[in-house]
2 protein chains.
Amino acid sequence: MTLADAIHASGKRLTLQRQLVLDAVQRARHHVTAEDIARRVRAKYPRIGPSTVYRNLEALEELGYVTHTHLDDRVTRWHRADSHPHGHLVCRSCGGETEVRPPALEAMARRLRELYRFEPDLAHSAIVGICRRCRDVPSQ
Amino acid sequence: MTLADAIHASGKRLTLQRQLVLDAVQRARHHVTAEDIARRVRAKYPRIGPSTVYRNLEALEELGYVTHTHLDDRVTRWHRADSHPHGHLVCRSCGGETEVRPPALEAMARRLRELYRFEPDLAHSAIVGICRRCRDVPSQ
DNA sequence: GAGCCTATCGCGAAGCGTCGCAATAAGGTG
DNA sequence: CACCTTATTGCGACGCTTCGCGATAGGCTC
Ligand SMILES: [Mn+2]
Ligand SMILES: [Mn+2]
Ligand SMILES: [Zn+2]
Ligand SMILES: [Zn+2]
């Protein structure tokens with residue numbers, strides 16, 4: 001199913017702004033912010049407003065084309081939904097990020113399914129804590 | 001060690017605003033917002049500004065008296081640091097919250113320690129996903 | 001208590017994100 | 001193509017949170 005078909009089937013409309021936002025997310029390497037996306041879109045369509053970017057990210061997320069992740073308490077990060085899944089560990093001491101491989105995520109997800117019949121999205125928010133380096137150097 | 005001692009030892013100062021913020025958090029039942037706290041403080045000290053509340057919550061968190069949690073993407077929730085630890089599952093469909101018991105948290109934490117030597121704080125951010133009720137009713 | 005140093009305060013501004021509103025335009029009908 | 005319905009847009013305002021600044025006041029010394 002093409003983008004146009006999926007959008008029409010959902011009752012949404014295919015606007016230039018929407019296409020440009022999707023393009024920007026798909027071209028991006030990793031985890032871009034809404035402002036990153038807005039900047040890319042403005043290169044081709046300078047009049048776009050911030051709320052249009054946010055609303056289109058939300059619409060494209062509903063359609064399953066993009067997703068967002070929270071790496072820190074501040075800015076939401078966006079990426080294409082078909083990129084390989086992984087979680088994030090963020091150190092509250094040094095700020096360093098580590099990717100969590102899907103098997104570890106799956107093992108944790110299984111436990112939550114068993115105990116709570118809850119289907120978790122463990123990639124949605126980073127897990128904060130203390131990384132190996134900061135843990136090995138407790139002083140300082 | 002009393003509050004005054006802990007504060008002085010850290011080079012911080014014991015202001016009326018700081019005491020009132022701590023009081024408000026300690027009196028609160030569960031997971032209060034900064035605005036909840038500000039409202040309580042204003043009852044005794046109306047001139048307090050929002051940034052003073054935020055800065056004192058941060059200072060009291062450094063001292064180990066309070067902590068914060070993210071239940072949704074919006075508002076940060078605060079509570080006393082000595083309350084019983086637990087995680088949160090939040091359903092992205094119905095918004096319902098479930099508490100995760102410490103044993104389940106500990107089992108997941110152990111895995112992250114083994115695989116990544118990362119000491120996680122699994123209570124810091126809620127885990128989003130689909131709850132048992134919304135999962136059992138896939139239509140609608 | 002007077003005087004000093006500086007942590008903290010209140011305030012205004014700014015950043016991220018959401019919402020309401022009037023204007024625009026996408027998409028369907030004839 | 002003319003016309004209609006309404007999803008979407010740009011804009012301004014607002015909520016939550018952080019930051020910089022000059023004023024205030026906590027804590028120490030004499
Ligand atoms: Mn946080
Ligand atoms: Mn989110
Ligand atoms: Zn670290
Ligand atoms: Zn639910």
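Chain identifiers are assigned alphabetically (A, B, ...) following the order of the sequence lines, protein sequences preceding nucleic acid strands; residue numbering begins at 1 within each chain. These numbers were taken from a predicted model, which means no experiment stands behind them.
A search for salt bridge (charged side-chain N to carboxylate O under 4.0 Å, His left out) contacts involving B/Arg117 returns A/Asp136, not counting sequence neighbours. Partners of B/Glu106 under the salt bridge (charged side-chain N to carboxylate O under 4.0 Å, His left out) rule, at least two apart in sequence or in another chain, are B/Arg113. Remark: B/Asp36 engages B/Thr33, B/Arg39 in a side chain to side chain donor-acceptor pair (under 3.5 Å) (not counting sequence neighbours).
Here B/Val128 is tied to no hydrophobic group at all, with no ILVMFWY side chain closer than 4.5 Å. Other members of the cluster containing B/Ile130 do not exist, because no ILVMFWY side chain is joined to it at under 4.5 Å. By the 4.5 Å side-chain criterion applied to Ile, Leu, Val, Met, Phe, Trp and Tyr, B/Leu115 is assigned to a cluster that also includes A/Leu89, A/Val100, A/Leu105, A/Met108, A/Leu112, A/Leu115, A/Tyr116, A/Phe118, A/Leu122, A/Ile127, B/Leu89, B/Val100, B/Leu105, B/Met108, B/Leu112, B/Tyr116, B/Phe118, B/Leu122, B/Ile127.
Note: CZ (B/Arg74) to P (D/dT18) measures 14 Å, nearest angstrom. One interatomic measurement links the two molecules: CD of B/Gln19 to C1' of D/dA25, which rounds to 14 Å at whole-angstrom precision. Distance B/Ile37 CD1 to D/dC16 C1': 14 Å, rounded to the nearest Å.
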All N/O donor-acceptor pairs, side-chain side in residues 66-75 of chain A, below 3.5 Å, sequence neighbours left out:
residue	atom	partner	partner atom	Å
A/His68	ND1	A/Glu61	OE1	3.3
A/His68	ND1	A/Glu61	OE2	2.7
A/His68	NE2	A/His70	NE2	3.3
A/His68	NE2	A/His124	NE2	3.3
A/Thr69	OG1	A/His79	NE2	3.0
A/His70	NE2	A/His124	NE2	3.2
A/His70	NE2	B/Asp73	OD1	3.3
A/His70	NE2	B/Asp73	OD2	3.1
A/Asp72	OD1	A/Arg74	N	2.6
A/Asp72	OD1	A/Val75	N	3.2
A/Asp73	OD1	B/His70	NE2	3.3
A/Asp73	OD2	B/His70	NE2	3.1

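For the pair B/Cys94/B/Cys131, a side-chain contact is recorded, criterion being any heavy-atom separation below 4.5 Å from C-beta on.
Sorted by first and then second residue, the pairs that involve residues 75-84 of chain A and meet salt bridge (charged side-chain N to carboxylate O under 4.0 Å, His left out), not counting sequence neighbours, are A/Arg80-A/Asp82. Residue pairs satisfying the side chain to side chain donor-acceptor pair (under 3.5 Å) criterion with at least one member in residues 6-15 of chain B, sequence neighbours excluded, are listed as follows: B/Lys12-B/Glu62.
Classification of A/Arg92 and B/Glu119 as a salt-bridged pair fails, no side-chain N sitting under 4.0 Å from a carboxylate O.
When the side-chain nitrogen and oxygen atoms of A/Thr33 are compared with OP1 and OP2 of C/dC16, none of them lie within a distance under 4.0 Å. Contact annotation: B/Gln17 does not reach the phosphate of D/dG26 (side-chain N/O to OP1 or OP2, under 4.0 Å).
Less than 4.0 Å separates DNA chain C from at least one heavy atom of each of the following residues of residues 42-73 of chain A: A/Ser51, A/Tyr54, A/Arg55.
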note = A correct 5'-to-3' footprint of nucleotides 23-30 of chain C, with B, S and - meaning base, sugar-phosphate only and no protein heavy atom under 4.0 Å, is --BBS---
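Annotated stems with DNA chain D as a participant read C:1-30 with D:1-30, given as range with range, by first number; only runs of 3 or more Watson-Crick or G-U pairs under 3.5 Å qualify.
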